[in-house]
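Below is one structure; the comments refer to it alone.
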Amino acid sequence: MKLNPAQQEAVEYISGPCLVLAGAGSGKTRVITNKIAYLVNECAYKPSQIAAVTFTNKAAREMKERVSSTLGKKASRGLKVSTFHTLGLNIIKKHITTLGYKAGFSLFDDKDTFALLNDLSMNDYNGDKDEVNALIRSISNWKNELMMPHQVLQRYKTGIEAEHGKWYEEYTRHMMAYNALDFDDLIMLPTVLLADDKAIREKWQMWIRYLLVDEYQDTNTSQYQLVRLLVGERARFTVVGDDDQSIYSWRGAQPKNLKLLNQDYPSLKLIKLEQNYRSSQRILHCANILIENNPHVFEKKLFSTLSQGEKLSVLVAKNEENEADKVIAELMAQKFMQDTQYKDYAILYRSNHQSRVFEKALMKNRIPYKISGGMSFFGRAEVKDMMAYLRLLTNQDDDNALLRVINTPVRGIGRATLAKLGEFAHLEDIALFEAMCHEQLHAILGAKAATSVEAFTRLIVMTSDNLARGDSVAVLRDFIKTLQYEEHLYAHANSPKVAEISMKNVSTLFTWVQDLLKGDALNAPMSMPEVVQRLTLRDMMERGEDDGEADQVQLMTLHSSKGLEFPNVFLIGMEEGLLPHQSSIDEDNIEEERRLAYVGITRAQQKLTFSVARERRQMGEFIEPTPSRFLYELPSDDIEWEWQKTPDSDEVRKSKTAKGLAGLKSILGD
DNA sequence: GTGCACTTCGTTTTT
DNA sequence: CGAAGTGCAC
């Protein structure tokens, strides 16, 4: 397929800063990948001089795949395609000592951050979740605005800001002591570093000769500053964005960065991509009508030359179980009649917990599925345990990791012992693990506890040394054997089956560790700390054939569906309170929810099916939600509501096997 | 110190 | 309703 004139222009304009306003499905990924190929093939850029940045791991992975299939695996070697956070991580790693940290630092996720701040502020806030969360938000906002603790304290002398500022400073000190960074640090630290250090800045500007940024409307202040510093005076960059798909404002994203770019770079070239290659006319029309209800930064009119397409459907279900059942029945029917594959179907939802009921129903019907994002893998206890062990093994200053595993499996280090150790560590101003290694141990603890502690520290130190020496995964397998972790799983699981699955998850994690350690054609080998950092960012490479080829129904949130497309899409839970989400209704932020709906609708290529439940359980209570206002904003001629009884998954399955296509059609009332 | 029964609390979205 | 946290009996 040839590029259209606008796309072509976007690809070939390389002499200065370039902003591509790309509507949904207008081929922006094609533009980016083609541009990368163009830079390499026609403009003598080396792949290693080009960096492309996205926001989600999913998008980065997709782009990596697309580039390597366009350019060829070998030719794309060295190309930097990553999320903002991974890019930041890589910059930090190169200058870790300059920044005052030690190699092998831990990455704190928001749970770790919460635990630490909750702990620190205990005297003031007494564990009040709302207070701590407000504090976290303040700190995060300051980091996004590149404000260091001393600057905050200078600016605010009184009030809540001064109080939060005090904790911000305290928090930063403790993070240093833990040799830990949080997610915001991954952007803030490189940005501040590049801003302050001319030599380092020039080094990176030499290294990254061309920068491409995807989903530019989602950048926040620090990310935009990072972009500016990386491109420098040369300003060789292309950013691609669409204000209608800005769905991360809660994370500090500033769609106004699109406008700001125009001010900061007067020579900015603006190119609009308005032809949609993805969706049927009907779907695109509905999306356009919906989004017209929002104000716009830039005017653009998307059009499609594809066929008219089927009407959009709304399945109305009794309750959430029935919703899952009906959606799956409809999915099976569509699949059978169109002779499509499972992977041609996506089930999209506003919040993660909605996947649960569907997961159950899919399992019941033996339909292969894949849930991306959310908690499914990294939320599991055994995976969290192993991640904590890995963190502790690579960074013994990481108190949070230690706390998670210190008594898992149980090894006789209980609450009392831990309290004593904590007190001692605090007194001496050392990490917990260091306290556990202290020679005065026997003076503080009872003989039994001291023995357990010693055995534990010895094991950790020994394993840590062995890991540094190599053959890591074998070491890890030995390690969990010594821990008797498998026995622990079997002892605590309700059934052997569950323990078996848990053990398999541990194995899966180790396989990832191994793959990342080894590296492959696209990814350089990593050290153990790097692997742990990667895994914390959930940024693992695709394990080849495994995923892309697997025939599975795709389940994901609307947020993580951005940038993807599917022949058939189910957008479930189209109800007031869910989409738009209740908190957005309360905060009068409907526009972002509408963009979210817009993103969902524009994922669909051929068939889009909504679903609503008339009754839903919410924290044990029954509620009767009303259908989402967005459904009523769509042109009614293009929507078919199915209030009447639709078949459930059992009926579809039976008729399919017993009577074939004719039987299926008869029960579908066709 | 461990394990179980009981209570409480909560649900956006991601790195 | 389900996860995570608390308190209490061994």
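Chain naming here is simple, since letters A, B, ... match the order of the sequence lines and numbering starts at 1 in each.
With ring centers used as reference points, A:His174 lies 6.0 Å or more from A:Tyr171. Remark: aromatic rings of A:Tyr248 and A:His559 are close, center separation under 6.0 Å.
Atom CG of A:Asn220 and atom C1' of B:dT14 are 12 Å apart (whole Å). For the pair A:Lys111 NZ and B:dT14 P, the computed distance is 14 Å after rounding to whole Å. What separates CD1 of A:Ile136 from P of B:dT15 is a distance of 18 Å, to the nearest Å. In this structure, CD of A:Glu592 is placed 12 Å from C1' of B:dT14, rounded to the nearest angstrom. Counting to the nearest Å, the C1' atom of B:dT14 and the CG atom of A:Asp110 are 8 Å from each other. Between the CZ atom of A:Arg534 and the P atom of B:dT15 there is a distance of 13 Å, rounded to whole Å. In this structure, CZ of A:Phe114 is placed 13 Å from C1' of B:dG10, rounded to the nearest angstrom. Separating the CD atom of A:Gln618 from the P atom of B:dC9 is a distance of 18 Å, rounded to the nearest angstrom.
Judged by distance alone with a 3.5 Å cut-off, no donor-acceptor contact links the side chain of A:Arg415 to the base of C:dG5.
Counting only heavy atoms from C-beta outward, the side chains of A:Phe105 and A:Lys93 approach each other to under 4.5 Å.
Here A:Arg251 lies in heavy-atom contact (under 4.0 Å) with a base. Contacts of A:Ala416 with the nucleic acid, taken as non-hydrogen atoms under 4.0 Å apart, involve only primed sugar atoms and P, OP1 or OP2. Residue-level contact check: A:Phe84 touches neither bases nor backbone, having no heavy atom under 4.0 Å from any strand.
In the set B:dT15, B:dT13, B:dT2, the nucleotide with an atom closest to the side chain of A:His85 is B:dT15. Nearest nucleotide to the side chain of A:Phe183, out of C:dC1, B:dG1, B:dT15: B:dT15. Here C:dG2 is the nucleotide among C:dG2, C:dA4, B:dT13 with the atom lying nearest to any side-chain atom of A:Lys360. Out of B:dG3, C:dG2, B:dT13, the shortest distance to the side chain of A:Arg356 is found at C:dG2.
Annotation: the span from A:Leu117 atom CG to A:Asn133 atom CG amounts to 10.0 Å, rounded to 0.5 Å.
The side-chain tip of A:Arg595 does not point at the ring of A:Tyr598 from less than 6.0 angstrom away and within 45° of straight on.
Between A:Thr56 and A:Glu587, the one whose closest nucleotide on DNA chain B sits nearer the 5' end is A:Glu587. In this structure, A:His492 and A:Gly620 both approach DNA chain B, and ranking their closest nucleotides by distance from the 5' end singles out A:His492.
The phosphate of C:dA4 has neither OP1 nor OP2 within less than 4.0 Å of any side-chain N or O from A:Arg404. Close to B:dT14, at under 4.0 Å from its OP1 or OP2, lies a side-chain N or O of A:Thr557. Between A:Asn352 and B:dT14 there is a side-chain N or O to OP1 or OP2 distance below 4.0 Å. A sub-4.0 Å separation between OP1 or OP2 of B:dT14 and a side-chain N or O of A:Asn57 is absent. Checking the phosphate oxygens (OP1, OP2) of B:dT15, no side-chain nitrogen or oxygen of A:Thr536 falls inside 4.0 Å.
Of the C1' atoms belonging to C:dA4 and B:dT13, the separation is 22 Å, rounded to the nearest Å.
The closest donor-acceptor contact from the side chain of A:Glu320 to the backbone of A:Ala613 lies at 3.5 Å or more, if one exists at all.
With centroids closer than 5.5 Å and planes inclined by less than 30 degrees as the test, A:Tyr248 and the base of B:dT14 fail to qualify as a stacked pair.
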